[in-house]
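Computation of the quantities below employed the complete heavy-atom set of this structure, encompassing side-chain atoms and omitting hydrogens, waters and symmetry-equivalent molecules. Note on naming: letters A, B, ... go to the chains in the order of the sequence lines (proteins, then strands), and numbering restarts at 1 for each one. These numbers were taken from a predicted model, which means no experiment stands behind them.
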Amino acid sequence: MDRYDPKTIEPKWQRIWADEHTWEVSNDFPDDRPKYYVLEMLPYTSGEPHIGHLKNYAVGDAVAHFHRRHGMYVLHPMGYDAFGLPAENHAIKTGQHPRASTDDSIAAFREQMRAWGISIDWTREFGTHQPEYYRWTQWLFLRLYERGLAYRKEAAVKWCPKDATVLANEQVIDGRCERCGTLVEARQLEQWFFKITEYADRLLDDMTRIEWPPHVVTMQENWIGRSEGAEVVFRCEELGIDYPVFTTRPDTLFGATFFVLAPEHPDVLRLNDSQQVHEYVNRALNESAEERGDEHKQKTGVALGHTVTNPATGEQIPMYVADYVLLEYGTGAVMGVPAHDTRDFEFAEAMGLEIRRVIDCGELPCTEDGTMVNSGRFEGLHNREAYEQIVDWLDSEGKGKRAVSYRLRDWLLSRQRYWGCPIPMVHCETDGLVPVPDDQLPVELPHVEDYAPKGKSPLASAEDWVNVTCPKCGGPARRDTDTMDTFVDSSWYFLRYCDPRNDEAPWDREVLKRWMPVDQYIGGVEHAILHLLYARFFVKALADMELLDVQEPFARLFTQGMITRDGAKMSKSKGNAVSPGDYVERFGADTARCYILFIGPPSYDADWQDAGVGGVHRFLSRLWIAASEAPSSDDEPSGSSGLLRKTHWAIDKVTRDMRTGFAFNTAIAAVMELTNEIYRQRDESPPADVRFAVATAGSLIFPFAPHLGAEVYEMMTGRRVWEEPWPEPDPALLAHDEIQLVVQVNGKLVDRLAAPSSASQDELEELARGSDKLAARLDGGEIVKTVVVPGKLVNFVVR
RNA sequence: GCCCGGGUGGCGGAACUCGGUCAGACGCGAUCGGCUUAAACCCGAUUGCCCGAGAGGGCGUGUGGGUUCGAAUCCCACCCCGGGCACCA
């Protein structure tokens, strides 16, 4: 072999790592190395790995290797998110049974991960669709049920007509199904929910305990949407009904001139069942979320012919039904303060209602602060002050109290689809909802041939499976035929990795105590809300049940940017998707991995350009050739040759780039520089220095190109690079005894001089004054000031 | 509308934490040369823009201002691109 041949090198090392179980870690913790848990988000099994996966695992693997070589015991596992709608849709499209297509996809992922040389502990591998796994998903569901955190209720839910299933709030983007883009409809259905809202405050507050990118934190904060305000009671005297509303502006209470209920509010038709109201309500219910949510839409509504009492003024104000009020938020009713709320203002204008200013601010409608007017005894106060006093007053009168409201809704988890984890509950005519006893888990997903979505769960047709005896009374009962949202499966997989073969429990608490939390989590920003919020909720709920001992699953989060190709988003339909397999085949895994890390900071979006791949391959090839041509020497490097200095510079640069974050692009560039320097200086440098430089280049490139790194290091030293500690730079070789002194006139460079790094400020100035070019540049001008920056420059201010 | 990012050569990007070496590391692309019957590969040189034969000069980090001996870096205003939230009371 006389040229760089990844087809030989890569399988060679992969075999060694597999045969020797190099990356496996034991729960017995053989020594006192500190643990480090690095995890990339598990792949979703519809189809083959794409370039985003390559990036994800290239990043994670670099982190894993770096920490191993810093003496840590690194857990780096792998599994598959195998249930769910996209996998099922993929199966329908390819005409395969989801089980078969999922298994094909898993095989493809497993194959690629090995070909990429990712350092995974394969003994911990699993798929979330395996009964050994989802048995515990069901077990956890039952624990949540016991604590009242999983419950059934009838509610207006989001329904995707194309996928024929309900969706979680989080899976509806701009009124459309996140998966297929279809406009979602509202349906009134009884469904399973997780009570994530109970954790809203903790999910918000605990964000200070984790190191996550600020924009992800903001996204979660926005999503939870905590608002502080007051609940104020408006009484309908005529019917003797109290209507509480939530408001963030109790200070504007005196300006409430009307009162509005959401169309879905159960009292609307009781208050008025005229044809006009019926029509209005029906139209609102049939509107898509997108149409209804359009901010620019003309406000509409219908008077209900009743009044409520404004608790501040005692006035009777008219009641309306209007579709700009949402049932899900607050109490499904609002007080209308047209002077100080833009929506209420528009509504009042459309309906011809009174607009009464109660804060002296700008032009109406205005939401600014100011002095209270038309507000009884709160007159003249600043509105912020009035806010507090009005709430206190309401409280003392029993007409209201401080309150907090959230945008976050409970997590709707049931799906009317086949390919998912069955919900372990039975419906008994006598006993109602009955949980399946733990010792009967898992409730296995039956094999169903006709699994196409049809609006009710395909499981309902598996009669043998559906009909069971009630665990409580032994009478006839039916299984719940819905399956769980895939996000349930992925809300706890990182816990199972710690103890994946446990068949007594989902995990051993003591084992979890040692591995958790995940020290570094890596994945796409598209999961900033859904998965990351759900997983945090699960961990908090499980901590409350004393099943584990952390409050947060992911101590640090890194979100990688998307890969585009030649500036365009990649997609199968455009036919511009980059298949990582093709590039691994052509250039080797090391090249593909390095290239994807080299094209830019991994957190940014980056553009894949075919032409660029060759450059990285050339670099790796040059490094290999440098190793094969290195002179022999048994000496240790000594002295301070230029090459030796460059080598230590590279160690320092790569180490700092990896420490300070994920600056892999500049770390790889530094190894390129070192390699270029080896070529420039290898003929003049001592052989020991050349060997050391090449070995170090191999050692430094190892986290990114593990096969080549191991090969080059072995060629130079006969040793295994992953068993070596991460190199440390020699400070003496980082320092230079000579600096380049810059001479400036008025901030513009006129000369560069060599100066001893030990020179004092006066000496530097003296030296600079001696510059020929300075003299030429001065040309009779007068030096009015001199600025000396030690170790860098001398600037003469000249008039 | 509100909240985050970000605007640097033909391109991807460095430097931008601490203002300080004519900004442009590293790589791609391009041009020229070498090797070759030839091409590819490989090797070497050049490559921000403008003027100039050259020496050299001028201009340059989205735009306009400011602070400073000195600004891509700090401050103010504005423009553009990307992302998040948005009839949430």
Side-chain angles (χ1 to χ4, degrees), chain A residues 3 174 213-223 225-227 229 245-249 252 256 260 262 292-297 299 322-326 328-337 340-344 346-347 405-409 525-526 528-529 561-562 564 566-567 594-595 598-601 603-616 618-619 621-622 625 653 660 663 665-673 675-676 679 739-753 783-798:
Chain A
R3 60 185 186 87
D174 294 332
H215 68 281
V216 178
V217 172
T218 307
M219 282 165 79
Q220 294 222 345
E221 283 170 354
N222 284 344
W223 191 261
R226 182 185 155 103
S227 300
V245 299
F246 175 75
T247 177
T248 52
R249 295 295 305 275
T252 64
V260 193
R292 179 161 167 194
D294 184 2
E295 209 175 334
H296 307 292
K297 201 176 79 168
K299 294 270 180 293
D323 66 1
Y324 80 94
V325 176
L326 309 173
E328 316 91 84
Y329 189 75
T331 61
V334 301
M335 64 181 201
V337 184
H340 304 289
D341 181 283
T342 44
R343 297 151 304 177
D344 294 345
E346 287 167 17
F347 186 73
S405 194
Y406 300 91
R407 212 189 80 102
L408 182 71
R409 311 283 147 72
V525 74
E526 66 273 17
I529 297 173
M562 218 179 46
T564 54
D566 303 323
C594 278
Y595 177 67
F598 178 67
I599 46 178
S603 61
Y604 289 18
D605 290 351
D607 196 50
W608 179 284
Q609 294 170 339
D610 283 356
V613 184
V616 171
R618 202 165 303 134
F619 150 62
S621 179
R622 276 159 62 81
I625 290 166
K653 172 74 178 152
T660 55
N665 55 330
T666 50
I668 292 169
V671 185
M672 286 175 171
E673 277 195 62
T675 305
N676 292 341
Y679 274 78
I739 58 151
Q740 232 182 24
L741 180 67
V742 168
V743 183
Q744 294 180 332
V745 168
N746 294 337
K748 295 200 91 178
L749 179 134
V750 296
D751 201 2
R752 287 194 241 205
L753 305 167
I783 296 176
V784 295
K785 190 180 172 187
T786 309
V787 181
V788 182
V789 182
K792 286 193 173 147
L793 58 80
V794 179
N795 184 24
F796 296 104
V797 184
V798 174

What is the distance, to the nearest angstrom, from the CG atom on A/Leu408 to the P atom on B/rC85? 13 Å
Give the C-alpha distance, both sets of side-chain angles, the deciding distance and a yes or no for side chain to side chain contact (heavy atoms under 4.5 Å, CB included) between A/Ile599 and A/Asp607. CA-CA 7 Å; A/Ile599 46 178; A/Asp607 196 50; over 6 Å; no
Taking side-chain contact (heavy atoms from CB on, under 4.5 Å) as the definition, give me every residue that meets it alongside A/Leu326, ordered by chain and number, with sequence neighbours left out. A/Arg292, A/Glu328
Would you please confirm or rule out a distance under 4.0 Å between OP1 or OP2 of B/rA89 and any side-chain N or O of A/Ser227? yes
For A/Tyr324, give me all partners under ring pair (Phe, Tyr, Trp, His ring centres under 6.0 Å), at least two apart in sequence or on another chain. A/Phe347
In whole Å, what separates the C1' atom of B/rG24 from that of B/rC42? 28 Å
As a test of reading the structure: which of B/rC26, B/rG84, B/rA89 is closest to the side chain of A/Asp341, going by heavy atoms? B/rA89
I'd like to check the side chain to side chain donor-acceptor pair (under 3.5 Å) partners of A/Tyr329; sequence neighbours left out, ordered by chain and number. A/Ser227
Return whichever of A/Pro214 or A/Phe619 has its heavy-atom-nearest nucleotide of RNA chain B closer to the 5' end. A/Pro214
What residues form a side chain to side chain donor-acceptor pair (under 3.5 Å) with A/Asp605, not counting sequence neighbours? none
What residues form a ring pair (Phe, Tyr, Trp, His ring centres under 6.0 Å) with A/Tyr595, not counting sequence neighbours? A/Trp608
Test of understanding: with side chain to side chain donor-acceptor pair (under 3.5 Å), list the residues that count as partners of A/Thr666, not counting sequence neighbours. A/Asp657
Could you tell me which residues satisfy salt bridge (charged side-chain N to carboxylate O under 4.0 Å, His left out) with A/Arg226, sequence neighbours excluded, listed by chain and number? A/Asp201, A/Glu228
What is the nucleic acid contact for A/Gly225, judged by heavy atoms within less than 4.0 Å: base, sugar-phosphate only, or nothing? nothing
What is the separation between atom CZ on A/Phe796 and atom P on B/rG70, rounded to the nearest whole Å? 16 Å
Stepwise side chain to side chain contact (heavy atoms under 4.5 Å, CB included) check, A/Gln744 with A/Val787: CA-CA 9 Å; A/Gln744 294 180 332; A/Val787 181; over 6 Å; no
According to side chain to side chain donor-acceptor pair (under 3.5 Å), who are the partners of A/Asn665, at least two apart in sequence or on a separate chain? none
B/S/- along nucleotides 29-34 of chain B (protein heavy atoms under 4.0 Å) is ------
Could you work out the separation of B/rG6 and B/rC76 based on their P atoms and round it to a whole Å? 16 Å
Residue pair A/Thr218/A/Phe246 against RNA chain B: nearer the 5' end by closest nucleotide is A/Thr218
Apply the syn/anti split at 90° from 0 to B/rG83 and say which one it is. anti
Rounded to whole Å, please give me the gap between OH in A/Tyr595 and C1' in B/rG27. 9 Å
Run the numbers on A/Thr247 and A/Met335 for side chain to side chain contact (heavy atoms under 4.5 Å, CB included), then give the verdict. CA-CA 8 Å; A/Thr247 177; A/Met335 64 181 201; 3.7 Å; yes
A/Arg3 CZ to B/rA40 P, straight-line distance once rounded to whole Å: 18 Å
With pairs defined as Watson-Crick or G-U wobble and both distances under 3.5 angstrom, please note down RNA chain B as a dot-bracket string, | for pairing with another strand. (((((((..(((.......[.....)))((((((.......))))))((((....))))..(((((..]....))))))))))))....
B/rG9 and B/rG64, which share atom name P, separated by this distance in whole Å: 15 Å
Specify the separation, in whole Å, of atom OH of A/Tyr679 and atom P of B/rC42. 11 Å
Determine the Euclidean distance between corresponding C1' atoms of B/rC3 and B/rG12; express it in Å to zero decimal places. 29 Å
Could you grab the distance from atom CG of A/Asn676 to atom CD of A/Glu673, nearest 0.5 Å is fine? 7.5 Å
Whole-Å gap separating P (B/rG1) and CG (A/Asn222): 18 Å
Would you kindly give the CD-to-P distance between A/Glu328 and B/rC87, to the nearest whole Å? 11 Å
Letter per nucleotide, 5' to 3', of nucleotides 5-21 of chain B [B base touched, S only sugar-phosphate touched, - untouched; heavy atoms, 4.0 Å]: ------SBSS-----BB
Using a 4.0 Å heavy-atom cut-off across all strands, classify A/Val743 as base, sugar-phosphate, or nothing. nothing
Going by salt bridge (charged side-chain N to carboxylate O under 4.0 Å, His left out), name the residues that satisfy it together with A/Glu526, two or more places apart in sequence or in a different chain. none
Measure from the side chain of A/Met219, starting at C-beta and using heavy atoms only, and say which of B/rG84, B/rC4, B/rC26 lies closest. B/rG84
For the P atoms, the ones on B/rC85 and on B/rC16, what distance do you get once it is rounded to whole angstrom? 32 Å
The reported gap from CD1 in A/Ile625 to CZ in A/Arg618 (rounded to nearest 0.5 angstrom) is 11.5 Å
Rounded to the nearest Å, what distance is computed from the CD atom of residue A/Glu346 to the P atom of nucleotide B/rG1? 15 Å
Taking the same atom, C1', in B/rU36 and in B/rC81, what whole-Å distance lies between them? 48 Å
Mind checking if A/Arg409 touches a base, just sugar-phosphate, or nothing, with heavy atoms under 4.0 Å? base
Suppose you measure atom C1' in B/rU47 against the same atom in B/rG27; what distance do you get, rounded to whole Å? 14 Å
Rounding to the closest angstrom, what is the interatomic distance between B/rA38 and B/rG34 at atom C1'? 15 Å
